[in-house]
Amino acid sequence: MLTIKVPATSANLGPGFDSIGLALELYLTLKVEGPQDHWQIEHTLGADVPADEHNLILKTALALIPDLTPQRIKMTSDIPLARGLGSSSSAIIAGIELANQLGNLGLTDYDKLQIAVRLEGHPDNVAPAIYGGFVVATYDDVAADAISAPVEHVHALTYIHNEELLTSASRAVLPKQIPLAEAVKTSSASNVLVAAVLRGQLDVAFRMMERDHFHETYRRDLVPHLAKIRAAAHECDVYGTYLSGAGPTVVTLVSEAKATTAFQQLIGLDLPGKWLNLGVARQGMIVTN
Ligand SMILES: Nc1ncnc2c1ncn2[C@@H]1O[C@H](COP(=O)(O)OP(=O)(O)OP(=O)(O)O)[C@@H](O)[C@H]1O
Ligand SMILES: N[C@@H](CCO)C(=O)O
């Protein structure tokens with residue numbers, strides 16, 4: 001049975017806005033049970049997510065190959081919707097792979113990235129969902145490019161807020177322009193973040209995560225818990241805290257060795273959401289037949 005497994009993704013890492021993303025060990029899984037006379041996708045994501053060809057996964061696949069034979073599919077997903085953990089990206093990637101497998105398209109990861117980024121608009125969720133690990137990507141509205149690097153022995157202490165925050169609403173509060181000085185501070189911090197990850201200097205890398213001026217400042221009223229978690233995390237022995245994608249999820253990165261202690265300290269915060277202690281997914285999408 002064709003099985004497609006796609007990791008959750010946490011985008012931005014602060015100054016890496018719309019460019020950097022991390023694949024996490026939280027998954028959407030599709031099991032293709034076989035052909036039938038109509039499309040059907042069984043899931044437990046609620047009535048707002050269609051169970052027929054209007055489902056984003058199937059819409060994505062049918063946009064690539066309109067005459068695919070309808071299938072009975074079972075989807076399970078631990079990736080919460082509208083929480084900044086790449087749920088829609090995981091669905092898009094799963095849909096591209098469904099068409100790739102059923103239609104024998106022979107798509108490369110680069111091909112899948114080009115298709116996905118046009119649907120998502122920015123590469124920092126779809127790229128790590130494809131490649132896994134720590135991914136740095138760019139998209140100039142023509143082509144996308146991405147480089148993946150392993151990030152070992154790092155955990156993501158993930159606070160999933162109890163209320164949704166749509167990416168569209170979170171992007172609506174961002175300015176069209178920012179002062180050059182702010183842009184240089186942020187882009188240079190992102191440069192050091194990437195270079196430090198590649199050199200294994202994770203303390204330097206993730207200190208840069210808290211130097212964003214592209215988006216977190218403007219979003220702070222939408223995610224008041226970000227400042228609270230960041231302040232508490234500064235009292236723990238962690239790398240740093242950032243707004244996961246467009247939020248409302250907040251991620252604190254910590255070394256594997258210190259993850260349990262830091263997690264126990266952070267879950268004591270008086271917040272209404274839930275906490276997960278997640279590993280970084282070394283691999284992106286996994287397909288088994
Ligand atoms: N696992 C899924 N299966 C099918 N459709 C999905 C899934 N996740 C998201 N979608 C579709 O995508 C739409 C947008 O989802 P969501 O709000 O999660 O995306 P987002 O805000 O862009 O990103 P994020 O999930 O990272 O916050 C949903 O309304 C739903 O129709
Ligand atoms: N970089 C995007 C991520 C969306 O998941 C944003 O912050 O709006």
Side-chain angles (χ1 to χ4, degrees), residues 2-11 18 21-33 39-66 68 70-103 105 107 109 111-132 135 137 139 144 146 160 164-171 244-249 278 281 283-288:
L2 171 61
T3 301
I4 300 169
K5 191 176 170 187
V6 186
T9 50
S10 179
D18 276 7
L22 207 52
L24 299 177
E25 290 181 332
L26 193 66
Y27 294 94
L28 174 152
T29 304
L30 280 194
K31 290 188 184 297
V32 182
E33 297 180 332
W39 285 102
Q40 187 180 359
I41 183 163
E42 181 190 332
H43 65 79
T44 57
L45 294 181
D48 290 345
V49 177
D52 59 13
E53 61 275 11
H54 297 99
N55 180 293
L56 178 60
I57 295 171
L58 300 181
K59 279 198 300 189
T60 302
L62 291 168
L64 291 173
I65 311 180
L68 279 175
Q71 306 283 327
R72 175 181 169 77
I73 297 169
K74 185 164 187 175
M75 171 179 66
T76 54
S77 182
D78 293 324
I79 309 170
L81 275 71
R83 293 311 196 283
L85 285 171
S87 186
S88 63
S89 295
S90 70
I92 288 168
I93 298 300
I96 292 168
E97 191 59 34
L98 184 64
N100 189 39
Q101 295 294 325
L102 296 179
L105 295 178
L107 296 176
D109 284 348
D111 296 334
K112 295 169 196 175
L113 177 62
Q114 306 315 307
I115 298 165
V117 76
R118 279 170 182 76
L119 295 170
E120 188 76 353
H122 42 86
D124 49 341
N125 288 107
V126 291
I130 295 168
Y131 294 102
V135 177
Y139 178 52
I160 303 174
E164 291 189 347
L165 176 55
L166 291 182
T167 295
S168 53
S170 187
R171 290 179 80 89
S244 179
T249 292
L278 299 173
Q283 268 190 287
M285 170 168 57
I286 299 169
V287 185
T288 51

Look up atom CG in Leu2 and atom OG1 in Thr288, then write down how far apart they are to the nearest 0.5 Å.
7.0 Å
List the steps and the verdict of side chain to side chain contact (heavy atoms under 4.5 Å, CB included) for Asp52 and Leu58.
CA-CA 8 Å; Asp52 59 13; Leu58 300 181; 5.9 Å; no
With sequence neighbours excluded, tell me which residues meet side-chain contact (heavy atoms from CB on, under 4.5 Å) with Ala51.
His43
Measuring only between side-chain heavy atoms, which start at C-beta, is Leu28 closer than 4.5 Å to Ser87?
no
Rounded to the nearest 0.5 Å, how far does NZ of Lys74 lie from CD of Gln40?
11.5 Å
By side-chain contact (heavy atoms from CB on, under 4.5 Å) - contacts of Ala246 (at least two apart):
Thr167, Ser170, Arg219
Smallest separation among heavy atoms of Ile65 and Ala99, with atom names
CD1-O, 3.5 Å
When rounded to the nearest 0.5 angstrom, what is the spacing between CD1 in Ile4 and CE in Met285?
7.0 Å
Note: Ala61 and Gly95 closest approach over all heavy atoms is CB-O, 3.4 Å
Answer yes or no: is there a side-chain heavy-atom contact under 4.5 Å between Val287 and Gln101?
yes
Go through the structure and list residues passing side-chain contact (heavy atoms from CB on, under 4.5 Å) with Asp109, not counting sequence neighbours.
Lys112, Ile130, Tyr131
Side chains of Pro128 and Leu22: closer than 4.5 Å at any heavy-atom pair?
no
On a heavy-atom basis, which atom in Glu53 and which in Leu62 lie closest, and how many Å separate them?
CB-CD1, 3.8 Å
Take Glu97 and Asn100 through the side-chain hydrogen bond (donor to acceptor under 3.5 Å, both in side chains) test and state the conclusion after the steps.
CA-CA 5 Å; Glu97 191 59 34; Asn100 189 39; 3.1 Å; yes
How many angstroms lie between atom CZ of Arg83 and atom OG of Ser10, to the nearest 0.5 angstrom?
14.5 Å
Is Asp18 salt-bridged to Arg171, cutoff N-O under 4.0 Å?
yes
Kindly indicate whether the side chain of Leu102, heavy atoms from C-beta on, has any atom under 4.5 Å from the side chain of Gln71.
yes
Less than 4.5 Å apart, side chain to side chain, heavy atoms only: is that true for Thr44 and Thr76?
no
For Gly86 versus Asn125, what's the shortest heavy-atom pair and its separation?
CA-ND2, 3.7 Å
Minimum heavy-atom distance Pro7-Gln283, with the two atoms named
CG-O, 4.1 Å
CG-OG1 distance between Asp124 and Thr9, expressed to the nearest 0.5 angstrom
8.0 Å
Any side-chain heavy atom of Val126 sitting closer than 4.5 Å to one from Leu119?
no
Of all residues at least two apart in sequence or in a different chain, which pass the side-chain hydrogen bond (donor to acceptor under 3.5 Å, both in side chains) check with Ser90?
none
Does any part of the side chain of Thr29, heavy atoms only, come nearer than 4.5 Å to the side chain of Thr3, both counted from C-beta?
yes
Residues in salt bridge (Lys or Arg N to Asp or Glu O under 4.0 Å) contact with Glu33, at least two apart in sequence or another chain
Arg72
Are side-chain heavy atoms of Leu56 and Ile92 found at a separation under 4.5 Å?
yes
side-chain contact (heavy atoms from CB on, under 4.5 Å) filter on Pro70, not counting sequence neighbours, yields Trp39
Rounded to the nearest 0.5 Å, the CD1 atom of Ile41 sits from the CG atom of Leu30 at a distance of 5.5 Å
Which pair of non-hydrogen atoms, one from Ile57 and one from Met75, has the smallest distance, and what is that distance?
CD1-SD, 3.4 Å
Check the pair Thr249, Ser244 against side-chain hydrogen bond (donor to acceptor under 3.5 Å, both in side chains), reporting the backbone distance first and the verdict last.
CA-CA 5 Å; Thr249 292; Ser244 179; 5.4 Å; no
